[in-house]
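FYI, side chains are in, hydrogens and waters are out, and symmetry mates aren't considered; it's all heavy atoms of this structure. Chain naming here is simple, since letters A, B, ... match the order of the sequence lines and numbering starts at 1 in each.
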Amino acid sequence: MTPFTEKAIEIIRNIPEGSVMTYGQIAALAGSPRAARQIVRILHSMSKKHRLPWHRIVNAKGEVAIKDDELHHEQIMSLRDEGVKVDHNGKVDLEKYQWRGSLHTRETTL
DNA sequence: TGGATGACCTTAA
DNA sequence: ATTAAGGCCATCC
């Protein structure tokens, strides 16, 4: 496996319940800021095998990026089950639930 | 305009 | 057949 994949998986598995991350964010933390699609790929393929909390991954807008309606609703239900308020449009409060990782609490964007 | 973002599709072992 | 890696490009703001 590539270090990127391993790191990405590690990051994903490090997302606490009630928190979400964006593709680009994970990709950036994994080492490739432009590899958001790789995260997509990983979540799509390796999530099941590696038992990843794929439902905690949303797009940069804080919305469920899944096209498959079934999985889409599944993610929403999973998120709500963890305490994440999911909008009817499948959007979550990114500013509130986005996992900032182990970084300091930078309130620059707040 | 341009840059960021994306739950894909293809190839390889 | 399965599992993992890679990347161009359309879309939105």
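Sorted by first and then second residue, the salt bridge (charged side-chain N to carboxylate O under 4.0 Å, His left out) pairs with a member in residues 63-80 of chain A read Glu63(A)-Lys91(A); sequence neighbours excluded.
Every residue was checked against the side-chain hydrogen bond (donor to acceptor under 3.5 Å, both in side chains) condition with Asp93(A), not counting sequence neighbours, and none meets it. Under the side-chain hydrogen bond (donor to acceptor under 3.5 Å, both in side chains) criterion, Glu6(A) pairs with no residue at all, not counting sequence neighbours. Under the side chain to side chain contact (heavy atoms under 4.5 Å, CB included) criterion, Arg34(A) pairs with no residue, sequence neighbours left out. In this structure, the side chain to side chain contact (heavy atoms under 4.5 Å, CB included) partners of His72(A), at least two apart in sequence or on a different chain, are Val64(A), Ile66(A), Ile76(A).
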Under-3.5 Å N/O pairs linking protein and nucleotides 3-7 of chain B:
| from | atom 1 | to | atom 2 | distance (Å) |
| --- | --- | --- | --- | --- |
| dA4(B) | OP2 | Arg34(A) | NH1 | 2.9 |
| dG6(B) | OP1 | Ala60(A) | N | 2.8 |
| dG6(B) | O6 | Arg37(A) | NE | 2.5 |
| dG6(B) | O6 | Arg37(A) | NH2 | 2.1 |
| dG6(B) | N1 | Arg37(A) | NE | 2.9 |
| dG6(B) | N1 | Arg37(A) | NH2 | 2.9 |
| dA7(B) | OP2 | Ala65(A) | O | 3.0 |
| dA7(B) | O5' | Ala65(A) | O | 3.3 |
| dA7(B) | N6 | Trp54(A) | O | 3.0 |

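If you take CD1 of Ile39(A) and P of dA4(C), they are 15 Å apart, rounded to a whole angstrom. As a whole-Å value, the separation of His50(A) NE2 from dT2(C) P is 15 Å. Per the geometry, NZ belonging to Lys49(A) stands 13 Å off C1' belonging to dA5(C), to the nearest Å. If you measure from atom CD1 of Ile42(A) to atom P of dC9(B), you get 17 Å, rounded to the nearest angstrom.
Listed pair Thr5(A) / dA5(C) meets the phosphate criterion, a side-chain N or O lying under 4.0 Å from OP1 or OP2.
Within the 3.5 Å criterion, the main-chain N or O of Arg56(A) finds no donor-acceptor partner in the side chain of Tyr97(A).
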